[in-house]
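Data first, discussion second: the structure below is written as structure tokens.
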Amino acid sequence: MSRKSFRQAINEALRQEMLRDPRVILMGEDVAGGQGGSSGVSDAWGGVLGVTKGLYTEFGPDRVLDTPISEASYVGAAAGAAATGLRPVAEVMFIDFVGCCLDQIMNQAAKFRYMFGGKARTPLVIRGMYGAGFSAAAQHSQALYPLFTHIPGLKVVIPSSPYEAKGLLIEAIRDDDPVIFLENKVMYDDEEDVPDEPYTIPFGEANLTREGEDVTIVAFGRMVNFANQAADKLAKEGISCTVVDPRTTSPLDSDTILDCVADTGRLVIVDESSPRCNMATDVAALVAEEAFDALKAPIRRVTPPHTPVPFASILEDLYMPNPAKIEAAVRSVMGYKAKQEA
Amino acid sequence: MQIAREVLLRSYRAMRTIRDFEERLHVEFATGEIPGFVHLYCGEEASGVGVCAHLTDTDTIASTHRGHGHCIAKGVGVDGMMAEIYGKKTGLCRGKGGSMHIADLSLGMLGANGIVGGGPPLICGAALSHKLLKDNGVAVAFYGDGASNEGSTLESLNLATVWNLPAVFVLEDNGYGEATASSYACAGSQKARAAGFGMPYLECDGSDFFSVYETAGEAIAHARSGKGPIMVHVHLARWYGHFEGDAMTYRANGEVAKLRAEKDCLVRFRKQVEEFSLLEAADLDAIDGSVRAEIEAAVIGAKAAPVPEPAELLEDVYVNY
Amino acid sequence: MAGTIIPVTMPKFGLAMTEGKIAGWLAHPGDDISAGAELAEIETTKITNVYESPASGILRRQVASEGETLPVGALIGVLAEGEVTDDEIDSFVTTFQSEMATTGNDDKADGAVMPEIVTVGSRRIRVQDAGKGADGAPLLLIHGFGGDLTNWMMTQGGLAGQVRVISFDLPGHGESTKDVGDGSPATLAAITNDLLDTLGLARVHVAGHSLGGAVALELAKIAPSRVASLTLVAPAGLGDTINEAFIDGFINADRRKTLEPVLQMLVHDKALISRQMVDGIIRFKRLDGAMAALNAIARASFENGRQKENLRGVLERFDGRVSVIWGAEDEILPVSGAEGLPAKVAVHVLPDTGHMPQLERSAEVNDLLTATISA
């Protein structure tokens with residue numbers, strides 16, 4: 001056990017799985033960086049934010065493949081390699097770039113098993129960075145997990161901490177289905193204690209980071225941290241919250257969400273993705289359908305507005321969900337009954 | 001060129017099987033019993049068969065929406081294919097894929113593909129598997145003149161070259177992408193496109209099995225020997241519409257009739273092998289009879305087969321979920 | 001001010017505890033509290049424990065709310081005796097908290113004794129070494145199947161003030177190696193013996209819990225002169241049966257929901273099993289190799305609900321002091337294992353206690369341990 005950053009946890013997961021299984025390979029734009037450059041340095045970047053640093057040096061060019069800036073070809077190649085015996089981890093850098101290779105994910109990898117009558121296995125992991133907060137603007141900041149969650153055949157993972165990232169990524173690499181693994185780029189320097197050994201966290205099991213009696217907060221990825229901050233502050237006001245981190249949006253641990261709502265009777269959902277057809281709407285529909293009688297107040301969603309991610313910091317701050325917005329939503333559901341009586 | 005007698009017999013049988021399979025589908029589709037879309041490969045048989053004659057089950061191919069011929073050429077059984085096209089439980093994909101998604105990974109058949117340009121990136125990956133797993137395999141992407149304009153195809157030509165993959169890009173140029181002629185849709189030349197990636201380019205007459213066989217043999221040997229990817233441009237013509245039901249109003253009257261009369265690869269094959277005394281007419285007649293019976297049995301079997309169970313709707317989305 | 005104000009702060013249960021959560025208040029403002037009365041339930045990362053009031057007085061303030069997590073030493077409540085006004089209480093709270101903010105709690109966290117990795121032969125063993133004994137032999141604590149050194153948090157925390165106390169993760173457990181050899185108590189005892197060599201400890205008092213009890217007995221068998229005394233807490237090796245549902249359930253449960261009911265078999269008061277405790281054990285079980293190690297250990301000692309080896313003979317031959325502590329309501333290893341032991345063995349059966357007396361009745365267990373090792 002030692003203290004590791006989100007970035008280190010991901011690097012360690014990749015490294016340990018590459019050591020364990022020679023079929024595991026990495027590919028992506030500048031996952032090493034520097035091929036053909038005039039310096040002769042061939043592990044120049046290790047990923048645009050340094051997440052895969054050192055792996056090229058350790059595993060060589062057959063296991064860590066720099067690609068042209070050519071998502072359709074190499075993401076499709078990753079799908080084809082997965083169907084024919086390798087276990088590729090392809091990095092799409094900013095997940096916004098999925099626009100250049102959605103066919104290979106949505107129509108190819110996701111569909112093989114079903115279309116081919118259960119005869120295909122596609123052990124593919126696609127890593128990508130998501131999330132706003134870096135002034136990276138509209139084409140480098142989106143939280144596109146609802147897009148993937150929508151597609152049957154894909155599994156979708158959104159780790160909320162370094163511990164979660166390592167265990168979930170190892171699980172993703174060992175999984176025999178295509179997995180979309182989304183890393184919030186703002187979290188790479190977050191640190192916590194992470195075991196040095198390999199370990200797995202199963203998909204479809206939500207984690208409760210706080211347990212309370214008044215309100216259930218379901219939050220995704222980085223929003224789990226915001227929800228925890230809000231819950232800790234609200235605890236001082238006497239409002240106790242359960243915070244549910246579903247870890248994976250596909251599969252989704254509906255049972256735990258419903259159990260928590262049954263206990264608290266109030267639900268706030270925090271989702272960094274655009275508000276229409278996102279995870280917040282999905283969870284709200286689930287609870288409205290399955291736990292209507294348990295609800296003591298309307299469901300509240302904390303999401304960005306239905307706009308692209310803006311560039312200027314002042315606008316981006318307004319855009320983002322944050323602990324204060326979560327606290328306000330929790331207070332509003334707590335206050336709901338009083339308003340009815342008044 | 002020396003070709004073993006058994007290769008000739010096997011190749012003729014495959015071409016005849018494709019022809020009968022497709023002609024029969026043309027008839028059966030018109031009855032309304034076959035759901036969905038069907039795209040026929042009639043007239044292009046020598047291409048798939050001439051290429052696949054050089055491949056083993058270790059080698060991989062990716063096909064197109066016009067995939068029945070590639071499946072048969074790669075050794076996929078017609079009973080499972082026919083049942084699949086009829087949407088039956090006994091189909092190769094248990095009735096969940098249909099004509100456009102027939103696949104048999106155990107034979108290195110990575111699937112027909114409903115997306116134009118879907119195959120070439122997959123073949124880069126299959127070729128990467130062959131290279132890294134060191135199984136001496138090659139991966140072959142069949143793609144049409146329509147797909148030759150897809151970014152995914154052009155990206156794949158680049159990636160395969162950058163990674164020096166054992167990949168063969170077989171461009172089946174049948175003159176039409178759907179209802180638009182390749183003379184309209186394809187800028188420049190395919191040869192120049194290959195040259196643009198520094199990729200060797202070969203071309204051949206797709207109505208002549210021997211031309212395809214020889215050219216593909218050279219290309220596959222090139223890729224298998226580690227020299228990198230290569231393009232094979234097969235000049236073809238399709239005899240039916242883009243899909244069954246296409247009235248082909250974009251083609252001149254008599255175009256197809258002329259093709260059938262002058263560019264029939266089966267007729268040409270028979271003439272060539274008899275001329276050079278490679279096979280006897282009786283050999284070929286025997287194959288014709290045998291294939292006819294096989295296709296008849298496949299259709300009868302497919303019609304009689306059970307439909308999928310309702311529970312199968314939810315099965316095989318994931319390995320586990 | 002005619003009275004006295006007494007601060008109640010977040011207690012430190014285990015050596016590694018740096019913060020705790022108020023799981024619930026057990027006393028209300030205005031209650032007249034006597035020292036030792038149950039004041040609050042404190043949840044740590046390992047277990048939920050009742051916090052007994054350190055002093056007597058009227059509970060004037062619950063400074064910490066239920067559900068709040070605070071560092072060790074933080075003010076959680078205020079007791080007062082005699083005449084003290086609300087203003088005086090308010091001012092006391094403000095002053096205390098501003099001082100806490102100034103000095104910070106970093107020194108508290110730094111003061112925690114953290115476990116370290118010790119290499120024993122080819123094996124990495126996590127050891128927590130705390131306290132400075134005067135002259136006597138140190139106390140070695142051996143946890144049970146599926147546990148780790150934190151099973152002894154209340155013991156080590158409670159006794160480290162008077163004696164050097166060493167706890168460690170058995171192979172296959174916690175952060176120690178997953179290499180368990182054949183997984184038998186004899187092998188684990190041999191590794192424990194090597195650990196004592198590595199630590200340079202010629203003679204130790206040994207306490208073993210559950211399977212760790214069997215390991216302690218095996219250690220007394222192979223190195224009798226090294227063992228100054230034996231304290232066996234709900235030990236394996238003395239009875240015939242073992243709760244197979246627990247062993248199988250512990251090994252097979254791979255989700256929090258399936259593990260929680262299994263862990264509840266460990267204790268008499270089921271509320272002691274906190275979510276964090278379950279999470280911690282799930283985390284350990286998900287390490288590569290952990291399941292294989294647990295399986296090997298279980299297979300070596302248990303079969304079809306029976307214990308494979310009876311170690312009562314060791315007690316006949318051992319000439320040091322032996323005490324056996326057992327919960328009357330133990331659901332894992334029945335308390336009948338404490339019957340019919342040699343007369344020299346001091347047997348203590350604790351009422352309303354399950355399989356974890358060292359956590360469920362920590363004060364009593366610590367008193368019994370102290371008596372054994374200081375005799």
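These numbers come from the heavy atoms of this one structure, side chains and all, not from hydrogens, waters or symmetry mates. Chain identifiers are assigned alphabetically (A, B, ...) following the order of the sequence lines, protein sequences preceding nucleic acid strands; residue numbering begins at 1 within each chain.
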Residue pair S254(A) / E290(A), side-chain donor-acceptor N/O under 3.5 Å: no
Residue among S73(A), G117(A), A81(A) with most heavy-atom pairs under 4.5 Å to chain B: S73(A)
Any donor-acceptor N/O pair, Y145(A) side chain to F220(A) backbone, under 3.5 Å: no
Atom group of Q35(A) that falls short of 4.5 Å from chain B, counting heavy atoms: neither
Portion of L128(B) that has a non-hydrogen atom of chain A nearer than 4.5 angstrom: both
Interface moiety of N320(B) toward chain A, non-hydrogen atoms closer than 4.5 Å: both
Portion of S250(A) that has a non-hydrogen atom of chain B nearer than 4.5 angstrom: both
Aromatic ring pairing F243(B)/F37(B), orientation class (parallel under 30°, perpendicular over 60°, tilted between): tilted
Toward chain A, the part of L92(B) with a non-hydrogen atom under 4.5 Å: both
Part of L124(A) lying under 4.5 Å from any heavy atom of chain B: neither
Which of G117(B), P121(B), A139(B) touches chain A most, by non-hydrogen pairs under 4.5 Å: P121(B)
Among the listed options G118(A), A78(A), P178(A), A110(A), the residue most often paired with chain B at heavy-atom distances under 4.5 Å: G118(A)
Residue among K74(B), H130(B), R224(B) satisfying side chain to side chain donor-acceptor pair (under 3.5 Å) with D59(B): R224(B)
Contacting moiety of D66(A), where chain B heavy atoms sit under 4.5 Å: backbone
Region of D103(A) that comes under 4.5 Å of a non-hydrogen atom in chain B: side chain
Neighbour count >12 (heavy atoms, 6.0 Å) for atom CD, Q139(A): no
Output field: ring centroids H101(B)/F112(A) closer than 6.0 Å: no
Part of D62(A) lying under 4.5 Å from any heavy atom of chain B: both
Main-chain N/O of L144(A) paired with S273(A) side-chain donor or acceptor, under 3.5 Å: no
Contact class of V317(B) relative to chain A, heavy atoms under 4.5 angstrom: both
Region of F203(A) in contact with chain B, defined by heavy-atom distances below 4.5 Å: neither
S99(B) and H68(B): side chain donor to acceptor below 3.5 Å: yes
Toward chain A, the part of L110(B) with a non-hydrogen atom under 4.5 Å: both
Heavy-atom proximity to chain B below 4.5 Å, by part of K155(A): both
Heavy-atom neighbours of K191(B) NZ exceed 12 at 6.0 Å: no
Interchain contact, L154(A) with chain B, by part (heavy-atom threshold 4.5 Å): backbone
Atom pair CD/CZ of E171(A) and F181(A) - distance to nearest 0.5 Å: 11.0 Å
Heavy-atom closest pair, residues T256(A) and V244(A): CG2-CG1, 4.4 Å
Contact origin within E312(B) toward chain A - heavy atom pairs under 4.5 Å: backbone
Leading residue by heavy atom contact count with chain B [cutoff under 4.5 Å; candidates T248(A), D175(A), D176(A), T122(A)]: D176(A)
R87(A) bridged to E17(A) by N-O distance under 4.0 Å: no
